[in-house]
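A short write-up of the structure that comes next.
Basis for what follows: all heavy atoms, side chains included, without hydrogens, waters or symmetry-related copies.
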Amino acid sequence: KGKDSNFTKQFPELVNEIKKIDFPSSTNFLAEAIIINPQNGKQDCGMASGRSGRVDSIDYFANKYPAHLIIHDVVRVDTNYVGNLSYLNRLQSIKKHILSSDKISVIECYNDGISQWQKVITLGLEGLIIRDPIMELGNGGIWKLKQEISEDVYCKGEYTPSTSKTYSNLTYRSENGAMMKGVFANLTCYQLTKDGREISIGNVGIGFEVEDKIRIQRLLDAKAITKNSPLVIEVKALHRHETGKLNVPSFVRIRTDKPWKECIINERKSENRQKSMKD
């Protein structure tokens, strides 16, 4: 989540696992904490984001939704900087220390991509980070391949109220403490093209937890989501239509860390990424 972020308290199960491993002193690596949703067996970015922001009941959620740490790259081992080594050698310097761990792993993708992609599907992971095996750290040679495309989009306050009994009768307290009733059915969302033109990616109406809907509805009620102050969210979809709209976009999480002007359409087609993997 960024070089200045510290989530030591939020992921005690990973901290305890790291302490068990006999890492060389001053080992630094680039990693990602993931959570597999027990209901569908797939990686859930929303749950990981929720765990990252949690300040209470940490031990309860650590037991209920345990995290797994995926190590993507290595920076320093035994006080020695290894970024000038090839990716294969950087990886080898730490790989032997985590072979016995069931909470920390490396998914390496540099040779047999098909078998690694099968591992992604089996484990329910979001995708792969593919690296050039001979490239030094920070000099490029990195590509992402996902089962579904994920995009950051923004809402300017346009929404459709829910007509379902569940959500139209849902009560909650507004920002000023007043009791309110009814939340949105979907949000109208947009992206920018590379030349700055705004396009509609469609309505986002699935993937929200009740807490997500209430949190966003409170912002809508308070007129805190506007054309000049949009709400940025991450969504996932199977592919993008030629019109620019996403196919059944599903809410993943709120992106408070990203400006709306950086929600630029990724013009590469997901089917092309899938094809390149097969090739």
Evaluate side chain to side chain donor-acceptor pair (under 3.5 Å) for Q191 paired with R240, printing each intermediate quantity in order. CA-CA 12 Å; Q191 281 182 306; R240 187 187 296 276; 3.1 Å; yes
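- N63 is linked by a side-chain contact (heavy atoms from CB on, under 4.5 Å) to nothing, counting only residues two or more places apart in sequence or in another chain.
- Evaluation of the side-chain hydrogen bond (donor to acceptor under 3.5 Å, both in side chains) rule for D195 yields T193 as partners, not counting sequence neighbours.
- In this structure, V77 is a member of the same hydrophobic cluster as L91, with clusters built from ILVMFWY side-chain heavy atoms closer than 4.5 Å.
- Connectivity analysis of hydrophobic side chains (ILVMFWY, heavy atoms under 4.5 Å, direct or indirect) links I206 to V248.
- Applying the salt bridge (charged side-chain N to carboxylate O under 4.0 Å, His left out) definition to pairs two or more places apart or across chains, those involving residues 198-227 are K156-E198.
- With contacts defined as side-chain heavy-atom distances shorter than 4.5 Å, the pair L88/I134 does not qualify.
- A donor-acceptor pair is defined here as one N or O able to donate and one able to accept, closer than 3.5 Å; such a pair exists between the side chain of N16 and the backbone of P12.
- Comment: E151 does not engage K236 in a salt bridge, judged by the lack of any side-chain N to carboxylate O separation of less than 4.0 angstrom.
- In the model, S164 has a side-chain atom that pairs as donor or acceptor with a side-chain atom of S162 under 3.5 Å.
- Evaluation of the side-chain hydrogen bond (donor to acceptor under 3.5 Å, both in side chains) rule for S250 yields no partner, not counting sequence neighbours.
- Using a 4.5 Å cut-off between side-chain heavy atoms of Ile, Leu, Val, Met, Phe, Trp and Tyr, with links allowed through other members, I104 and V74 fall into the same hydrophobic cluster.
- Side-chain contact check for R197 versus L192: every heavy-atom pair is 4.5 Å or farther apart.
- Minimum interatomic distance between M180 and S174 (heavy atoms only, all atoms of both residues): CG-CB, 3.7 Å.
- Hydrophobic clustering of Ile, Leu, Val, Met, Phe, Trp and Tyr side chains at less than 4.5 Å, counting indirect connections, unites L246 with I233.
- For S25, the side-chain contact (heavy atoms from CB on, under 4.5 Å) test picks out D78, T79, with sequence neighbours left out.
- The nearest pair of heavy atoms linking C263 to V232 is SG-CG1, 3.7 Å.
- When side chains are defined from C-beta on, F7 does not count as touching L14, because their heavy atoms never get closer than 4.5 Å.
- Put simply, the side chain of Q217 reaches to within 4.5 Å of the side chain of Y159, judged on heavy atoms.
- The shortest heavy-atom contact between I201 and G244 is CG2-O, 4.1 Å.
- By the side-chain contact (heavy atoms from CB on, under 4.5 Å) test, V75 is found to be paired with N28, L30, Y81, L137, residues two or more places apart in sequence or in another chain being considered.
- Rounding to the nearest 0.5 Å places NZ of K103 at 13.5 Å from CD1 of I70.
- Separation of the F184 and F208 ring centroids falls under the 6.0 Å cut-off.
- Using a 4.5 Å cut-off on side-chain heavy atoms (C-beta onward), W260 and S229 make no contact.
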Checking M47 against N37 for the side chain to side chain contact (heavy atoms under 4.5 Å, CB included) test, could you report, in this order, the C-alpha distance in whole Å, the side-chain angles of both residues, the deciding distance, and whether it holds? CA-CA 8 Å; M47 285 186 172; N37 189 327; 3.5 Å; yes
Start with the C-alpha distance between I264 and K194, add both sets of side-chain angles, then the distance that settles side chain to side chain contact (heavy atoms under 4.5 Å, CB included), and finish with yes or no. CA-CA 6 Å; I264 299 173; K194 291 183 177 180; 4.0 Å; yes
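- Inter-residue side-chain proximity for D73 and R131 is flagged as met; some heavy-atom pair is nearer than 4.5 Å.
- Closest non-hydrogen pair, F29 versus I18, comes out as CZ-CD1, 4.5 Å.
- One distance of note links CZ of R253 with OG of S52; it measures 8.5 Å at 0.5 Å rounding.
- In this structure, a donor-acceptor pair under 3.5 Å is absent between the side chains of Q92 and Y87.
- With sequence neighbours left out, T226 forms a side-chain hydrogen bond (donor to acceptor under 3.5 Å, both in side chains) with no residue at all.
- In this structure L85 satisfies the side-chain contact (heavy atoms from CB on, under 4.5 Å) test together with V82, N89, R90, sequence neighbours excluded.
- No side-chain donor-acceptor contact under 3.5 Å links H72 to the backbone of A31.
- No continuous path of ILVMFWY side-chain contacts below 4.5 Å connects V252 to V153, so the two sit in separate hydrophobic clusters.
- A chain of hydrophobic side-chain contacts below 4.5 Å, direct or via other Ile, Leu, Val, Met, Phe, Trp or Tyr residues, connects L69 to I98.
- With contacts defined as side-chain heavy-atom distances shorter than 4.5 Å, the pair C189/C155 qualifies.
- For the ring-ring contact (aromatic ring centres under 6.0 Å, His included) condition, no pair includes a residue of residues 38-68, sequence neighbours left out.
- Screening T160, L220, I225 for a side-chain contact (heavy atoms from CB on, under 4.5 Å) involving L187 leaves a single residue, L220.
- Each salt bridge (charged side-chain N to carboxylate O under 4.0 Å, His left out) pair with one or both residues in residues 44-60, not counting sequence neighbours, appears once here: E13-R51, R54-D56.
- Between N247 and A237, the closest heavy-atom pair is O-CB, 3.3 Å.
- Residues meeting the side-chain hydrogen bond (donor to acceptor under 3.5 Å, both in side chains) test with K258, sequence neighbours left out: D152.
- Looking only at atom types and distance, the side chain of S86 has no donor-acceptor partner in the side chain of E136 under 3.5 Å away.
- Taking all atoms of both residues into account, the shortest heavy-atom contact from A222 to E175 is CB-CG, 4.3 Å.
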